[in-house]
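To start, the structure itself, in structure tokens.
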Amino acid sequence: MEYSQNQDLKPLKDISKKGKDRKWRERKLKNIELAGRLDKLGYRSFERVYQCAEVLKFVEQQDGTKKLYQSYFCKNKLCPICNWRRSMKYAYQAELVVNEAMKRYPKGRFLFLTLTIKNVSGKELNKTLSKMTEGFRRLMMYKKVDKNILGYLRATEVTYSSEHENYHPHLHVLLFVRPSYFRSKEDYLKQEDWTKLWAKAMKLDYVPVVDIRAVRAKKQQDLKSAIIETAKYPVKPFDVDTSKEQLTEKDKDRVTADLTDGLYRKRQIGFGKLFKEIKAELELDSIEEGNLVKTGADETTESTGREIIAIWNWDRKNYFVK
């Protein structure tokens with residue numbers, strides 16, 4: 001109450017080095033909405049979600065930007081604050097790992113692979129994601145695939161279809177392949193080959209949609225955009241464009257419950273082969289369960305030493321600092 005009554009408090013402004021507003025308030029409001037739905041649906045995790053990022057402690061940098069050094073994050077898979085932090089952390093770690101892999105295999109090439117299956121109901125989602133993880137493991141073990149791949153990054157994404165009221169789980173995979181992949185007919189896999197292998201790995205009785213395309217290493221921005229694309233996981237129920245989707249409150253509750261149950265105990269990020277080895281060598285912690293304060297996204301600069309504390313004001317629905 002002391003903070004809410006102090007008229008000298010100012011709203012938090014956290015601008016990145018690139019001049020972008022980090023939108024703490026907007027994300028906290030979505031977080032509160034999620035917590036409210038979890039409470040209404042009977043999930044005990046709602047209290048942790050409410051408490052997420054209530055207090056933010058920053059240290060001021062010499063260029064005037066703020067660097068977060070302490071906060072509590074709930075790590076709920078649907079929390080918009082935590083998923084934002086995970087996405088930054090993943091993009092940072094992925095770039096570190098990929099850059100190191102390119103140093104070791106400068107002639108290696110990159111492929112961007114998207115693996116899909118038919119849409120599934122909310123009740124089927126959890127088991128389906130387990131089957132996709134196992135199917136992907138089998139795909140990577142097939143001789144013609146295994147001999148070509150040096151390393152990979154895998155991210156699971158789940159999107160919601162309001163038209164059919166079901167879910168579209170799919171995998172985004174960045175593959176690092178040997179240069180011989182494009183030189184030999186014995187090594188090269190056409191799109192139809194990838195499709196057949198994925199159908200076999202998943203034991204499907206239909207032809208799935210599979211997309212495979214080369215990422216040109218000459219264009220660094222293409223490579224980075226492919227890495228960032230794999231970081232888009234998973235869809236959050238409140239990131240759905242409600243102006244287009246026209247979701248009712250009942251729909252939002254159902255989607256929240258389906259995704260909460262569907263993503264339960266599911267690891268959505270995977271580093272494989274060389275990429276996994278490099279990640280271990282660099283001692284990078286878990287993206288999903290690890291530290292969400294240090295995302296690695298901010299470059300280290302000299303600090304002024306001034307501490308800035310922002311506290312969420314529940315009455316005024318914003319963060320305020322002294």
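Rounding to the nearest 0.5 angstrom, the gap separating the CH2 atom in W198 from the CD1 atom in I117 is 7.5 Å. Atom CE of residue M140 and atom CG of residue N148 lie 10.5 Å apart, to the nearest 0.5 angstrom. In this structure, the separation between CG on N126 and OG1 on T260 is 11.5 Å, given to the nearest 0.5 Å. Between L96 atom CG and I278 atom CD1 the span is 10.0 Å, to the nearest 0.5 Å. Distance check, rounded to the nearest 0.5 Å: CD of E165 to OG of S121 gives 11.5 Å. Here C79 contributes atom SG and K30 contributes atom NZ; the two are 11.5 Å apart, rounded to the nearest 0.5 Å.
Identified under the salt bridge (charged side-chain N to carboxylate O under 4.0 Å, His left out) test for residues 119-136, with sequence neighbours left out: E134-R137, E134-R138. Sorted by first and then second residue, the salt bridge (charged side-chain N to carboxylate O under 4.0 Å, His left out) pairs with a member in residues 177-195 read K147-D187; sequence neighbours excluded.
Taking the side chain as every heavy atom from C-beta outward, F58 and T65 never approach each other to under 4.5 Å. Two residues are said to be in side-chain contact when any heavy atoms from C-beta on lie closer than 4.5 Å; N313 and L9 fail this criterion. In this structure, W312 and Y50 have side chains that are not in contact, with every pair of non-hydrogen atoms separated by 4.5 Å or more. Considering only heavy atoms from C-beta on, L129 comes within 4.5 Å of K266 through its side chain. Put simply, the side chain of E157 does not reach to within 4.5 Å of the side chain of P169, judged on heavy atoms. Two residues are said to be in side-chain contact when any heavy atoms from C-beta on lie closer than 4.5 Å; R86 and L292 meet this criterion. Side chains of I311 and L56 form no contact here, defined as non-hydrogen atoms less than 4.5 Å apart. With contacts defined as side-chain heavy-atom distances shorter than 4.5 Å, the pair F271/L153 qualifies.
A201 and L139 make their closest contact through CB-N, 3.9 Å (heavy atoms, listed as atom of the first residue, atom of the second, distance). The two residues S45 and L38 make their nearest non-hydrogen contact at OG-CD1, 3.9 Å. Summarising the geometry of D258 relative to L125, their closest heavy-atom pair is O-CD2, 4.0 Å, with the distance given to 0.1 Å. Summarising the geometry of R85 relative to L68, their closest heavy-atom pair is NH2-CD2, 3.6 Å, with the distance given to 0.1 Å. Across all their heavy atoms, L174 and F275 have their closest contact at O-CE1, 4.4 Å. The two residues R104 and L274 come nearest to each other via the heavy atoms NH1-CD1, 4.0 Å.
Remark: F136 pairs with Y152 by the ring pair (Phe, Tyr, Trp, His ring centres under 6.0 Å) rule, at least two apart or across chains. Residues satisfying the ring pair (Phe, Tyr, Trp, His ring centres under 6.0 Å) test with Y181, not counting sequence neighbours, are Y188. When the side chain to side chain contact (heavy atoms under 4.5 Å, CB included) test is applied to Y69, the partners found at least two apart in sequence or on another chain are K57, V59, E307. Remark: K40 engages D253 in a side chain to side chain donor-acceptor pair (under 3.5 Å) (not counting sequence neighbours). With sequence neighbours left out, E26 forms a side chain to side chain contact (heavy atoms under 4.5 Å, CB included) with K23. Taking R267 as the reference, R154, E288 meet the side chain to side chain contact (heavy atoms under 4.5 Å, CB included) condition, with sequence neighbours excluded. Partners of Y319 by side chain to side chain donor-acceptor pair (under 3.5 Å), not counting sequence neighbours: none found. Listed by chain and number, the residues in a ring pair (Phe, Tyr, Trp, His ring centres under 6.0 Å) with Y167 are Y160 (sequence neighbours excluded). Every side chain to side chain contact (heavy atoms under 4.5 Å, CB included) that I15 has, sequence neighbours left out, goes to D21.
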Donor-acceptor list for residues 202-211 side chains, cut-off 3.5 Å, not counting sequence neighbours:
{"unit_1": "Y206", "atom_1": "OH", "unit_2": "K118", "atom_2": "N", "d": "2.9"}
{"unit_1": "D211", "atom_1": "OD1", "unit_2": "R213", "atom_2": "NH2", "d": "3.1"}
{"unit_1": "D211", "atom_1": "OD2", "unit_2": "R213", "atom_2": "NE", "d": "2.9"}
{"unit_1": "D211", "atom_1": "OD2", "unit_2": "R213", "atom_2": "NH2", "d": "3.1"}

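Under the 3.5 Å distance criterion, the side-chain polar atoms of K273 are matched with a main-chain donor or acceptor of I149. When atom types are taken as modelled, the side chain of K75 and the backbone of E289 share a donor-acceptor pair closer than 3.5 angstrom. The backbone N or O of N291 lies less than 3.5 Å from a partner atom in the side chain of K89, making a donor-acceptor pair.
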Checklist line | Stepwise side chain to side chain contact (heavy atoms under 4.5 Å, CB included) check, V145 with L189 | finding: CA-CA 8 Å; V145 175; L189 291 168; 4.0 Å; yes
Checklist line | V55 vs Y72, side chain to side chain contact (heavy atoms under 4.5 Å, CB included): CA-CA, chis, key distance, verdict | finding: CA-CA 7 Å; V55 179; Y72 165 77; over 6 Å; no
Margin query: Please evaluate residues R254 and D251 with respect to the criterion salt bridge (charged side-chain N to carboxylate O under 4.0 Å, His left out), reporting the C-alpha separation (whole Å), side-chain torsions for both, the decisive distance (0.1 Å), and the verdict.
Written below: CA-CA 5 Å; R254 176 172 49 79; D251 287 336; 3.1 Å; yes
Check: Do K279 and L284 pass the side chain to side chain contact (heavy atoms under 4.5 Å, CB included) test, and can you show the C-alpha distance, the side-chain angles, and the key distance before you say yes or no?
Finding: CA-CA 6 Å; K279 183 177 184 292; L284 301 174; 3.9 Å; yes
Note to self: If you apply the rule side chain to side chain contact (heavy atoms under 4.5 Å, CB included), what do you find for C74 with Q51, and how did you get there?
What the structure shows: CA-CA 7 Å; C74 66; Q51 294 166 4; over 6 Å; no
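Under the 3.5 Å distance criterion, with hydrogens and angles disregarded, no donor-acceptor pair is assigned to the side chains of Y43 and N76. Neither side chain, K17 nor Q61, offers a donor N or O lying under 3.5 Å from an acceptor on the other. A donor and an acceptor atom, one from each side chain of K28 and N31, are located under 3.5 Å apart.
The 12-atom threshold is not exceeded at NZ of K196, counting heavy atoms of other residues, nucleotides or ligands nearer than 6.0 Å.
Under the side-chain contact (heavy atoms from CB on, under 4.5 Å) test applied with L34, the options L29, I81, T256 reduce to a single match, T256.
Salt-bridge annotation for E60 and K67: absent, with no side-chain N of the basic residue lying under 4.0 Å from a carboxylate O of the acidic one.
Between H172 and H170, the ring-plane angle classifies as perpendicular under the 30° and 60° cut-offs.
V49 and Y264 fall into different hydrophobic clusters, where Ile, Leu, Val, Met, Phe, Trp and Tyr are joined by side-chain heavy atoms under 4.5 Å apart, directly or via other members.
A cation-pi arrangement is found for R109 relative to F182, the charged atom lying closer than 6.0 Å to the ring centre and inside a 45° cone about the ring normal.
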